[in-house]
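Accompanying notes for the structure given below.
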Amino acid sequence: MTCAQGQSLRGGRQSTRSDTLSPARASLYAMTQPLPRLSKSRFTSGLQCHKKLWWEVHEPEAPELQPDKVLQDLFDQGRQVGEAARARYPGGVLIDLPHNAGAERVAATQKALDEGAPAIFEATFIADGTFVAIDVLEKQGDGYRLTEVKSSSSQKPEHIPDVAVQARVAAACGANVTAAEVLHLNKEFRHPDSGDLFAHTDVTKAVAEFVGQVPDEIARQREMLAGPVPDVPIGLHCHEPRECPFMGRCWPQAPDKIWNLAGVGKVTTAAYLTRGITSIGDLPASERLNVTQKRQLRAMAVNRLIVEPTLARELEPFSGRLGFLDFETIARAIPVWPGMGPWHQAAAQFSYHERQPDGTYTHAAFLAEGPQDARPPLAQAMVRATASADRVVMYTPFERTRIRDLQRSVPELATELRALEAKLIDLHPVVKTCVYHPDFRGSFSLKDILTPLVPELTYNDLVIVDGRVASVEIARLLFVADKIPRHERDRVRRELLDYCQRDTWAMVRLVERLRELAHGKRGGPNS
């Protein structure tokens, strides 16, 4: 992974591609300089889609690129993982300068190299019009091992080009990179100190095989960036390895688009697009579809709700004293509570409605406060709240999984939690197998089916309407509460409680509506 033609940083000259490009490309470079600078993130983005990269470079302030709370939280957690990884390299030197101070960063990196630092964090090199800041460049004999730190719990295929572009640029600047690895979170680690938080995967061979492709791809990307936005057809690459933020610009927005076919995945969607099928209406009559998809097409054809005659039978188990349970969770890259592993979800909030003998409903709720382990008090409150219920309704198996987790993390209540688990009954399969409304648009999530079936009930009046946002906000209240003004903490708590309560009340109203439908009481728009 070294480059014999690369220039040393000490010489002060950045290498370019004009000495190794074809004459035609070299001429194009000369005519279009200065070209936009690449980085390792831009390079990997360009591998996914040139159009995506073009917009990222030329429209950096585009609304699609502004991080929301969920994405910002991922960035913050990634930074925390990177900082934790540095503790593995005693004596390491951090290049602690702004990213836009390229020349100063390069000079500081060269100084650390000259002084024989055992490891350099954020080691910076610029070559081929490409800027890279290497997470860890560790001295090993006559060369260096390049380590890319990831907050994922495994090494993924897309990490290889990420590491390869760094290796190529460092080598072009004279660094003798002899090995490469990905340092990722260890999925076997358990808080507080069971095992190593990190695991590493050697990627030297895979990077060496890929690195030869890097110079030409850099040239292609820089040439593309010097011209107009490229024409790239939509396909599976819009989703892999990451969901493209610009899909709203490229993908048709018709309500019957093919990716709204129930149960269709990314791979199948791409196959449909390859066949020229962009809308559900384009499906040939001979297309093999499952029962749910056929029901969807029937509902779309008549533009009204379809109710199967089996609905009444499917609702029979939803009898007796019914409770309705919903959890919100936190998931941290670096685990925070005993027994948790990286990215493990832990219940930190619940809402519970229960139908009383007189037909009214009671409500109980719990929302964790402070950084201490929320699971024992949550489990205690939940066991108390659900004690009188005959059955407890959930929507999808998520709540069952969380209760099983609680059995392990709160062993003193394992018996009571197993009893609660035995009461659980899932409403999701009933909806999926018995009803379909055109406004479901292929989805059976609670939020997508609620308003079509119960028009008077929506999430539109709430501030928090997404479980991922709820998870981030709960984590903020638990772990950085001292940095949040009291009035804001109170407001966010109220918003979280309102959101979780809406989920359980939605299940209450959904069961009532399904019973009406089972007895032939349709009503409502397009029914």
Of all heavy-atom pairs between [X] and [Y], which one has the smallest distance, and what is that distance?
X    : Y    : result
L325 : M507 : O-CE, 3.3 Å
W251 : G235 : CZ2-O, 3.9 Å
S471 : I330 : OG-CA, 3.5 Å
F246 : A62  : CE2-CB, 4.2 Å
F350 : L378 : CE2-O, 3.6 Å
P241 : E158 : CB-CD, 3.7 Å

Is R79 close enough and on-axis enough to F75, meaning under 6.0 Å and within 45°, for cation-pi?
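No; the conditions do not both hold, so R79 does not lie above the ring face of F75.
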
For the pair V393 and T504, evaluate side-chain contact (heavy atoms from CB on, under 4.5 Å) and give the outcome as yes or no after the intermediate values.
CA-CA 9 Å; V393 181; T504 51; over 6 Å; no

Begin from the C-alpha positions of L450 and K447 and carry the test side-chain contact (heavy atoms from CB on, under 4.5 Å) through to its verdict.
CA-CA 5 Å; L450 179 62; K447 293 178 182 62; 6.0 Å; no

Do NZ/NE/NH1/NH2 and the carboxylate oxygens of [X] and [Y] come within less than 4.0 Å?
X    : Y    : answer
K150 : D162 : yes
R502 : D461 : yes
K69  : D466 : no
R491 : E488 : yes
E56  : R42  : no
E516 : R513 : yes
R494 : D498 : yes
K257 : D282 : no
E512 : R355 : no

Counting only heavy atoms not in K187 (residues, nucleotides, ligands), do more than 12 fall under 6.0 Å from its NZ?
no

Please identify each residue that fulfils side-chain contact (heavy atoms from CB on, under 4.5 Å) with H200, with sequence neighbours left out.
E181, L183

Test: side chain to side chain donor-acceptor pair (under 3.5 Å). Region: residues 371-383. Which pairs qualify, not counting sequence neighbours?
D373-R375

To the nearest 0.5 Å, how far apart are CG in L261 and CD1 in I277?
10.0 Å

Can any side-chain N or O of [X] pair as donor or acceptor with the backbone N or O of [Y] at less than 3.5 Å?
X    : Y    : value
T274 : A270 : yes
Q349 : L496 : yes
S443 : F440 : no
Y272 : W259 : no
D135 : E148 : no
H239 : K266 : no

Would a 4.5 Å heavy-atom cut-off, applied to side chains only, mark F131 and F43 as touching?
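F131 does not reach F43 side chain to side chain.
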
Results of side chain to side chain donor-acceptor pair (under 3.5 Å) for S319 - residues two or more places apart only:
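Partners of S319 by the side chain to side chain donor-acceptor pair (under 3.5 Å) criterion come out as none, since no residue qualifies.
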
Aromatic contact between H353 and W505, with the criterion being ring centroids under 6.0 Å apart: yes or no?
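Close enough - the centres of the two rings lie under 6.0 Å apart.
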
Distance flag, aromatic centroids of W343 and H184, threshold under 6.0 Å:
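H184 vs W343: aromatic centres not under 6.0 Å.
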
Would you tell me whether [X] and [Y] have side-chain atoms, one donor and one acceptor, within less than 3.5 Å of each other?
X    : Y    : value
Y459 : D503 : yes
E421 : Q407 : yes
T433 : E308 : no
Q345 : T329 : yes

Under the side-chain contact (heavy atoms from CB on, under 4.5 Å) rule, what do F198 and N186 come out as? Steps first, then yes or no, please.
CA-CA 5 Å; F198 290 96; N186 175 13; 5.7 Å; no

